[in-house]
Chemist: 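What follows is a single structure, and I will ask about it in a moment.
Note that these values count all heavy atoms, side chains included, but never hydrogens, waters or copies made by symmetry. Here the structure is a predicted model, which means the values were calculated and not measured.
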Amino acid sequence: RLIWHTIAYQLALSCPAYRNLIKGEVLTTHAKDPDVENQFEALIKKPLSQLNTPIVVVIDALDECDYDTREDFLRTIADWRSLPSVCRLIVASRRLEDIEVDPNSIYCIELTWRGDQDAAQDIRSLFAVTLDAIKQRENWEGWPEDEEINELVNCASESFLWASTFNAFLVDGRGGDPRSRLADVLRDFRDYRGDPIHLLCARILFHAHSHKETDDERDTMLFVLAFL
């Protein structure tokens with residue numbers, strides 16, 4: 001739901017003209033509205049319509065966007081065509097049933113997709129690089145087992161977002177060691193049928209809270225959780 005907020009922030013950092021236009025909008029009701037179409041109207045459509053500066057926005061992995069909000073977000077992407085021609089939007093996504101392309105409004109380049117095995121192999125390679133680096137650093141022989149890597153690939157469900165988030169948790173997670181963090185994630189996902197990224201984030205938050213060392217750290221963590 002915050003994707004247009006994020007893009008607005010990045011545009012403000014790179015484009016002074018846009019930053020000057022957006023200063024007043026960030027305080028308006030529409031800009032703070034959780035509705036993605038209102039965000040697009042206030043933070044993107046209105047200010048960019050007043051600019052004559054070439055701008056290119058790239059959105060990758062649209063298929064990994066939250067399913068519940070994707071329909072609303074797709075409408076804002078279709079509405080991009082109402083912006084000046086100097087404002088270009090590039091979106092990359094796997095083809096899914098709910099992600100439809102209107103040839104009259106969007107120029108589409110379809111790349112050859114050789115099947116789910118491609119994604120699984122790429123994700124396996126992503127895990128292998130991280131796991132091998134940890135294994136060499138710690139001098140752990142026989143870790144991880146091939147079956148554990150297979151389980152990880154299944155947990156990722158073709159999501160590179162899941163894979164990269166897991167790798168960051170494995171390397172930078174506080175407390176315990178990478179072996180225990182790997183074991184915890186695999187145990188969580190056995191027989192789980194829900195949204196994989198939700199469960200992974202829950203594990204990361206639980207792990208972070210369990211390894212806070214001071215009362216101030218624990219209080220801060222509880223505040224973050226309450227905010228979420």
Side-chain angles (χ1 to χ4, degrees), residues 1-96 98-102 105-109 111 119 122-123 126 130 156 158-169 171-172 195-198 200-201 204-205 208 223-224 227-228:
R1 289 184 178 275
L2 296 178
I3 187 164
W4 291 124
H5 275 261
T6 302
I7 290 173
Y9 172 74
Q10 293 171 343
L11 285 174
L13 290 178
S14 60
C15 180
Y18 173 85
R19 183 166 62 247
N20 291 332
L21 286 171
I22 207 68
K23 285 180 180 178
E25 292 297 334
V26 295
L27 301 177
T28 66
T29 301
H30 284 312
K32 295 184 288 185
D33 194 319
D35 183 85
V36 69
E37 292 180 89
N38 287 341
Q39 292 175 23
F40 176 77
E41 179 71 28
L43 298 174
I44 303 297
K45 186 175 180 178
K46 182 178 178 180
L48 290 187
S49 296
Q50 302 175 53
L51 287 180
N52 191 30
T53 302
I55 285 177
V56 177
V57 172
V58 179
I59 299 174
D60 191 18
L62 175 61
D63 51 287
E64 296 188 9
C65 173
D66 188 343
Y67 180 82
D68 294 334
T69 61
R70 196 154 61 204
E71 183 179 354
D72 294 338
F73 183 60
L74 286 170
R75 282 197 292 269
T76 65
I77 289 178
D79 195 24
W80 186 281
R81 66 181 182 272
S82 65
L83 295 175
S85 60
V86 293
C87 300
R88 298 303 177 97
L89 175 66
I90 300 173
V91 180
S93 173
R94 290 180 298 165
R95 180 177 288 279
L96 298 180
D98 66 308
I99 299 179
E100 298 179 353
V101 176
D102 179 0
S105 62
I106 299 175
Y107 180 71
C108 178
I109 300 175
L111 302 179
D122 288 344
I123 287 173
L126 192 62
T130 299
E158 304 175 27
S159 170
F160 287 91
L161 175 62
W162 195 99
S164 58
T165 302
F166 169 80
N167 279 350
F169 172 58
V171 173
D172 299 324
D195 189 313
I197 196 66
H198 289 174
L200 179 59
C201 288
I204 293 171
L205 289 171
F223 178 79
V224 170
F227 175 78
L228 293 175

Chemist: If I compare all heavy atoms of I77 with all of L62, which pair ends up nearest, and what's the gap?
Modeler: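 Between these two residues, the closest heavy atoms are CD1-CD2, 4.1 Å.
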Chemist: Could you check if a side-chain atom of W80 sits within less than 4.5 angstrom of a side-chain atom of F40, using non-hydrogen atoms only?
Modeler: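 Yes, side chains in contact.
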Chemist: Between I3 and I59, which heavy-atom pair has the shortest distance, and what is it?
Modeler: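 Scanning both residues, the minimum pair turns out to be CD1-CG2, 4.1 Å.
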Chemist: W162 vs F166 aromatic rings, parallel, tilted or perpendicular, using cut-offs 30° and 60°?
Modeler: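 Parallel: the ring planes of W162 and F166 meet at under 30°.
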Chemist: Could you report the tightest heavy-atom contact between A163 and L126, atom names first, then the distance?
Modeler: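 What the structure gives for the nearest pair is CB-CD2, 3.7 Å.
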Chemist: Counting N and O atoms only, with roles assigned by atom type, does the side chain of W4 sit under 3.5 Å from a partner on the main chain of I44, one being a donor and the other an acceptor?
Modeler: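 No, W4 side chain to I44 backbone: no donor-acceptor pair under 3.5 Å.
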Chemist: So which atom in D72 and which in E37 form the shortest heavy-atom distance, rounded to 0.1 Å?
Modeler: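 In this case the closest contact between D72 and E37 is O-CG, 3.9 Å.
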Chemist: What residues, two or more places apart in sequence or in another chain, satisfy side-chain hydrogen bond (donor to acceptor under 3.5 Å, both in side chains) together with T165?
Modeler: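 T165: no side-chain hydrogen bond (donor to acceptor under 3.5 Å, both in side chains) contacts found.
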Chemist: Kindly write out the residues that satisfy side-chain hydrogen bond (donor to acceptor under 3.5 Å, both in side chains) with S82, not counting sequence neighbours, or none if the list is empty.
Modeler: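 Counting only residues at least two positions away or on another chain, S82 forms a side-chain hydrogen bond (donor to acceptor under 3.5 Å, both in side chains) with D79.
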Chemist: Taking all atoms of both residues into account, what is the closest heavy-atom pair of L51 and I55, and its distance?
Modeler: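 What the structure gives for the nearest pair is CD1-CD1, 4.0 Å.
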Chemist: What distance separates I7 CD1 from L89 CG, expressed to the nearest 0.5 Å?
Modeler: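 CG of L89 is found 7.5 Å from CD1 of I7.
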Chemist: Just how far is it from atom CG of L200 to atom NE2 of H198, taken to the nearest 0.5 Å?
Modeler: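 The distance works out to 11.0 Å.
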Chemist: If you take all heavy atoms of E41 and P47, which pair is closest and at what distance?
Modeler: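 Smallest interatomic distance, heavy atoms only, reads O-CD, 4.4 Å.
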Chemist: Could you pull out all donor-acceptor pairs under 3.5 Å where a side-chain atom in residues 11-18 meets a protein atom, sequence neighbours excluded?
Modeler:
from: S14; atom 1: OG; to: Q10; atom 2: O; distance (Å): 3.1
from: S14; atom 1: OG; to: L11; atom 2: O; distance (Å): 3.4
from: Y18; atom 1: OH; to: L43; atom 2: O; distance (Å): 2.5

Chemist: Look up atom NZ in K46 and atom CD1 in I22, then write down how far apart they are to the nearest 0.5 Å.
Modeler: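 Spacing of NZ (K46) from CD1 (I22) equals 9.0 Å.
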Chemist: Using a 4.5 Å cut-off on heavy atoms from C-beta on, say whether the side chain of F160 contacts that of D122.
Modeler: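 Touching, per the 4.5 Å side-chain cut-off.
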